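Each remark here refers to the structure printed beneath this line.
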Amino acid sequence: MAHLWSGRFEGDPDRSLLDFGSSFAFDRRLFEDDVKGSIAWAEAIERAGVLTAEDGAAIRDALQQILARTADAAFFASAEAASDEDVHSFVERELVARVGDAGRRLHTGRSRNEQVSLDLRLYLKRRVPQLQRALTALVGALVDRADGAGAALMPSYTHLRRAQPILVAHFFLAHVAALRRDHRRLSTVLDEVDELPLGSGAIAGTSYPIDVHALADRLGFSRIVANSVDATGERDFVSSFLHAAALSMVHLSRICEDLILFTSEEFGFLDLADAAATGSSLMPQKKNPDPLELVRGKSGRVIGRLTGWLVTMKGLPIGYSKDLQEDKEALFEAEDTLRGSLGALDTVVRGLEIRDAVSGSAASGLLLATDVADYLVAKGVPFRDAHEIVGSLVRKLVAEGRSFEQLTPVDWKAHSPFFAPDVAEWVTPASSVARKRTPQSTAPDMVASALREARQWVTSHS
Ligand code: ARG
């Protein structure tokens, strides 16, 4: 059994160790990137005078035939493929099988150490935009919900205790803001990926006069790497991708947590579509938010992949070590999990129904205390004093099981001479949100313009 490195060794390697070290089962995903990189490499070494035009043409032709088999599962399941160490060995073996000696010249001046970095970069260049489109779709779904919410009100929460009234639209747009940062973070990852590692050789560079700038151009990279030692042994772009994916999953998980709470019997502000819920095999009344719980649960895996990967990297000497092969399963699992979760959440969000009567009535009551204090401030009372006055009023109301709405003008006056009859219309959820002034606030006109801006963002990113 010949390997890409058999010459140095006397006997065959241990079969179980070969299996242990093989990455073909998973790096097969890099197949088309590997072949495209090899076609460009063949052109580059031909231009550098390493390959004859005839060999160059034969190699490129054979690689095109190999590329045409991308969707052919049987091609990857042959008996020979079972012994291939990785996707690079697989492609090279198939090439040699087609063009013999010419194929054996392709690897001149090139190492798998740079090839695997190239493949991963090409892979991320085509896959990250797909994740960004899925993120945009989910943002679109949340923007639709925000739009559909109209003037509906709900309480906002800090410490999971009622804080102040907000528009339901403002709640949905809060999650939109986080997902838009995720989208931008993925663009930053793409920028980091955008460097051609070829020309680095195994570690020291290559002795052949390769025009790496032309090669970068040909493969769609805007820059070349700065240092061959660094380039062959670093995977910071993988770490950055995993971080971007993990943080996105954290955001999805928090959306899920909110939706699980707000669709529960206890809150009841939102309702899940029947199609987005599951029942219980025992309790007939149950409408469980399984997909949301699963996304929340799966966020753990992606965070785990990020931490695990950073631990793998931290002890490595500079230059390539086989430990780096662990990058691929981490990356692929994070990618798959994020994609699946974005799709699931998109479906759930599109089916959400807003129960504005319930959310609106929860937005009334003692959570208007800050507005009462602001009222006193408007009458000239210093805020700290106003806070005291309202605090003691709240204490009294809690003890009596009452709220601001039940106070008569006489009750108000008895508590502080600054309260006049106009306090009643000041202290409502609708006037509370309407009084907000800053662009990021829950004021209806601010939310309306945030909604318009978000809608434009979705259109320009779809
Ligand atoms: N399968 C290897 C990886 O994923 C490719 C590079 C192998 N290089 C080497 N010198 N063994 O990292």
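What you see is a predicted model, and the numbers here were worked out from it, not measured in a lab.
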Do the ring planes of W426 and Y375 sit parallel (below 30°), tilted (30 to 60°) or perpendicular (above 60°)?
perpendicular
salt_bridge(E234, R121) N-O dist < 4.0 Å:
yes
Taking the six-membered ring for Trp, are Y157 and F267 closer than 6.0 Å centroid to centroid?
yes
So, F171 versus F269, ring centres under 6.0 angstrom or not?
no
May I ask you to say whether D33 pairs ionically with R127, meaning some side-chain N is under 4.0 Å from a carboxylate O?
no
Between F332 and Y123, is the gap from one ring center to the other below 6.0 Å?
yes
Do we see a donor-acceptor contact under 3.5 Å between the side chains of S431 and T428?
yes
Is any side-chain N of the basic residue among K125 and D194 closer than 4.0 Å to the acidic one's carboxylate O?
yes
Ring centers of F75, F90 separated by less than 6.0 Å
yes
Test item: side-chain donor near acceptor, T370 and Q164, under 3.5 Å
yes
Can a donor-acceptor pair be found between the side chains of S392 and H415 at a distance below 3.5 Å?
yes
Report the relative orientation of the aromatic rings in H461 and H183; use parallel for angles under 30°, tilted for 30 to 60°, perpendicular for over 60°.
perpendicular
Should the pair D346-R350 be classified as a salt bridge under the 4.0 Å nitrogen-to-oxygen rule?
yes
